[in-house]
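For reference, the structure is listed below as structure tokens.
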Amino acid sequence: MGDSADIVIVGAGIIGLCTALQLARRTDAKILVLEKGVGPGEGSTGASSAVCRFKYTRPETVDLARDGIAAYQNWSDFVGLKAPLAQFHRHGVLWFADGRADWPAQEVARLASHSIRAAVLDDAQLKERFPALNPCAIPPDFEGGESHMCGPGGLHLLELDGGYMDPVDALQDLLASLREIGVEVRFRAHVTGIETHGGAVLGVTLAKGERIACGQIVNAAGPWCNDIFSYVGLDCPWPLKPTRIQIVHVDRPAEVVGDIPVAVDPLSGIYFRSQSRGQEIIVGSILEEDEREAIERPDDYARFVEDDFAQTKLHALQHKIPALSIRGKVRGYSGLYTINATDVHPVVGKTAVRGFYVANGCSGHGFKLAPAIGSLIAQEIAGKGGAFDTDVSPAFLAFDRPPIAVASKSVLA
Ligand SMILES: Cc1cc2nc3c(=O)[nH]c(=O)nc-3n(C[C@H](O)[C@H](O)[C@H](O)COP(=O)(O)OP(=O)(O)OC[C@H]3O[C@@H](n4cnc5c(N)ncnc54)[C@H](O)[C@@H]3O)c2cc1C
């Protein structure tokens, strides 16, 4: 072998880079991140809406979200940069009323038990805080497209400390931080093979033929993770399916006044948030039926947005933001979730192959969870704690865990 490292991380998406940083802060081991792309953000992370919300059904997932989001809320400290590019946009995460009155107050209490602040808003409070939003709880007519006379909404839930990040800026900051502390992140470095001997990893091979000896490898290859499993010869029991996910974005006209939070409308099946300093609004789906287009080869999928999808989601968006006139061209893009079809939770940690670790199957949760997932892997490899650790047990997401019982297999899991 030519070059060598102690730990090789395959993939410089948000999972790979957060893991590298969490490791570098607690071990002197030589860490090398290998990325096949020419720059950051070519995988799922570059397309991510990077919404940071807390409301998950499982208490451990709520804690992982809380611990991951804490890193984004304290980004300058997490990355150790005085003037990072990315910032946490703490606009709150609003869950619109869905016709049931009881759940927002229950959620406030449940989230409080995880030290997460949330509040119930009635329609008047919603309008006062977010004047552009329509509380109406009558779902839009998706069949005929008819408009209706809007009615009351009811009770809504606001996660006060939720928000979003710019995902590519976050990657740039992580890169800068890693370089500052001496971790090499190598682009155009496509891992095409893994050498093992006696059930342990020995090193990786790159497309150009170079071999790099290492004792530990982290599979952080996002939608390409199954390639890495095949190189190491490990039969992955989890169906980790790259899945095409569409996003629409529109300009925000001046008539849309006031703050726009991250918002989720269970009745019409959309979420939306502002971006580009509030100049645009992006909208995506929370419906399981929009998460079914499995992709055979992650390099080869339609990057555009379908007209049907765009029209349906914009119809729903206009219902929630009535002043939104769609004047400009409707644009959009597609990216890939890697959905763990068994229980929509990631698999994280060691495997039966000595030195081979995984952090895969993050579905639509991976951005917010990344610092916590990095912490789990770093605790396991380095054997010690550090700043921005999660105290969720590694058993919860372990590779050899039983499936987690979930109420929904959509992004809302
Ligand atoms: C449209 C969309 C919206 C989303 N919205 C949210 C959201 O609101 N909130 C949230 O928390 N999550 C969201 N997600 C999910 C989240 O973005 C992903 O879970 C997360 O980005 C996964 O990060 P990753 O590092 O595992 O994967 P990636 O970002 O795909 O990184 C993997 C990297 O590995 C590299 N690689 C692959 N194979 C090799 C190889 N053999 N050799 C070298 N390099 C390799 C790839 O080039 C890639 O850069 C969204 C995802 C999408 C697509």
Side-chain angles (χ1 to χ4, degrees), residues 48-53 55 89-99 104 119-160 162-164 166 245-287 290 305-333 411-412:
S48 185
S49 304
V51 165
C52 293
R53 51 102 182 173
K55 190 167 95 62
H89 300 278
R90 197 187 297 238
H91 292 271
V93 176
L94 177 77
W95 299 76
F96 281 105
D98 67 355
V120 178
L121 303 185
D122 62 21
D123 289 356
Q125 290 164 324
L126 176 92
K127 292 293 299 173
E128 193 183 318
R129 196 159 185 146
F130 306 113
L133 300 188
N134 177 12
C136 171
I138 304 169
D141 171 16
F142 289 117
E143 294 295 313
E146 291 294 318
S147 55
H148 60 248
M149 184 77 91
C150 283
L155 296 178
H156 316 269
L157 174 73
L158 181 65
E159 296 179 356
L160 294 159
Y164 67 92
D166 180 294
I245 300 295
Q246 304 183 64
I247 299 287
V248 184
H249 56 108
V250 290
D251 292 338
R252 172 185 173 164
E255 294 86 339
V256 176
V257 293
D259 194 17
I260 301 277
V262 175
V264 184
D265 182 18
L267 290 176
S268 63
I270 59 165
Y271 72 90
F272 56 90
R273 68 161 173 82
S274 57
Q275 73 169 9
S276 307
R277 298 175 186 211
Q279 306 273 314
E280 289 180 345
I281 295 173
I282 64 171
V283 53
S285 175
I286 55 165
L287 303 176
D290 291 322
V305 66
E306 318 277 342
D307 205 38
D308 251 16
F309 179 91
Q311 292 314 323
T312 310
K313 303 311 170 199
L314 289 179
H315 186 50
L317 182 66
Q318 274 182 309
H319 178 241
K320 296 322 285 181
I321 310 181
L324 187 74
S325 52
I326 315 287
R327 294 194 200 110
K329 203 167 168 318
V330 173
R331 289 152 293 159
Y333 50 86
V411 70
L412 295 189

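Here, residue 1 is the first one in the sequence, and each next residue gets the next number. This is a predicted model, so every value here is computed, not measured.
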Next item on the list: Could you list the residues that satisfy side chain to side chain donor-acceptor pair (under 3.5 Å) with Q318, not counting sequence neighbours?
Entry: none
Next item on the list: Applying side chain to side chain donor-acceptor pair (under 3.5 Å), name anything that partners T312, two or more places apart in sequence or on another chain.
Entry: none
Check: Would you say R53's side chain and K55's backbone share a donor-acceptor pair under 3.5 angstrom?
Finding: yes
Margin query: Quick one, V248 and L314 - any side-chain contact, counting heavy atoms below 4.5 Å?
Written below: yes
Notebook entry, point to check: Hey, are the side chains of I247 and S49 touching, using non-hydrogen atoms and a 4.5 Å cut-off?
Noted result: yes
Note to self: Does K320 qualify as a cation-pi partner of F272, given the criterion of NZ or CZ under 6.0 Å from the six-membered ring centre and within 45 degrees of its axis?
What the structure shows: no
Next item on the list: Just jot down the side chain to side chain contact (heavy atoms under 4.5 Å, CB included) partners of H249, sequence neighbours excluded, or say none.
Entry: E280, I282, R331, Y333
Item checked: Side chain to side chain, V264 and I286, heavy atoms closer than 4.5 Å -> yes
Margin query: Given 3.5 Å as the limit, does a donor-acceptor pair link the side chain of S276 with the main chain of G278, or not?
Written below: no
Notebook entry, point to check: Listed by chain and number, what are the side chain to side chain donor-acceptor pair (under 3.5 Å) partners of Y164, not counting sequence neighbours?
Noted result: none
Margin query: List the residues meeting side chain to side chain donor-acceptor pair (under 3.5 Å) with H91, not counting sequence neighbours, and say none if there are none.
Written below: D259
Check: For A323, what residues pass the side chain to side chain contact (heavy atoms under 4.5 Å, CB included) criterion, not counting sequence neighbours?
Finding: E255, V256
Margin query: For R252, give me all partners under salt bridge (charged side-chain N to carboxylate O under 4.0 Å, His left out), at least two apart in sequence or on another chain.
Written below: none
Checklist line | Summary of salt bridge (Lys or Arg N to Asp or Glu O under 4.0 Å) pairs that have at least one residue in residues 305-314, sequence neighbours excluded | finding: R244-E306, D290-K313
Margin query: Is a donor from one side chain sitting under 3.5 angstrom from an acceptor on the other, for Y271 and S285?
Written below: no
Check: With sequence neighbours left out, which residue pairs that include part of residues 145-160 fulfil the salt bridge (Lys or Arg N to Asp or Glu O under 4.0 Å) condition?
Finding: none
Check: Could you give the distance from CZ (R90) to CG (L160), rounded to the nearest 0.5 Å?
Finding: 10.0 Å
Notebook entry, point to check: Mind checking what makes side chain to side chain contact (heavy atoms under 4.5 Å, CB included) contact with S268, not counting sequence neighbours?
Noted result: P140, F142, D265, I270, A316
Item checked: Closest approach of G258 to P131 (non-hydrogen atoms, all atoms of both residues) -> CA-CG, 4.2 Å
Item checked: Inter- and intrachain pairs under side-chain hydrogen bond (donor to acceptor under 3.5 Å, both in side chains), touching residues 121-142, at least two apart -> D123-H156
Next item on the list: Could you pull out the closest heavy-atom pair between A132 and I260, with the gap in Å?
Entry: CB-CD1, 4.1 Å
Next item on the list: Could you tell me whether the side chain of H319 reaches within less than 4.5 Å of the side chain of H148, counting heavy atoms only?
Entry: yes
Margin query: Once rounded to the nearest 0.5 Å, what's the spacing between atom CG of L133 and atom CZ of F96?
Written below: 4.5 Å
Next item on the list: State which residues pass salt bridge (charged side-chain N to carboxylate O under 4.0 Å, His left out) with D98; sequence neighbours excluded, sorted by chain then number.
Entry: R100
Checklist line | Check: L317 and L324 side chains under 4.5 Å, non-hydrogen atoms | finding: yes
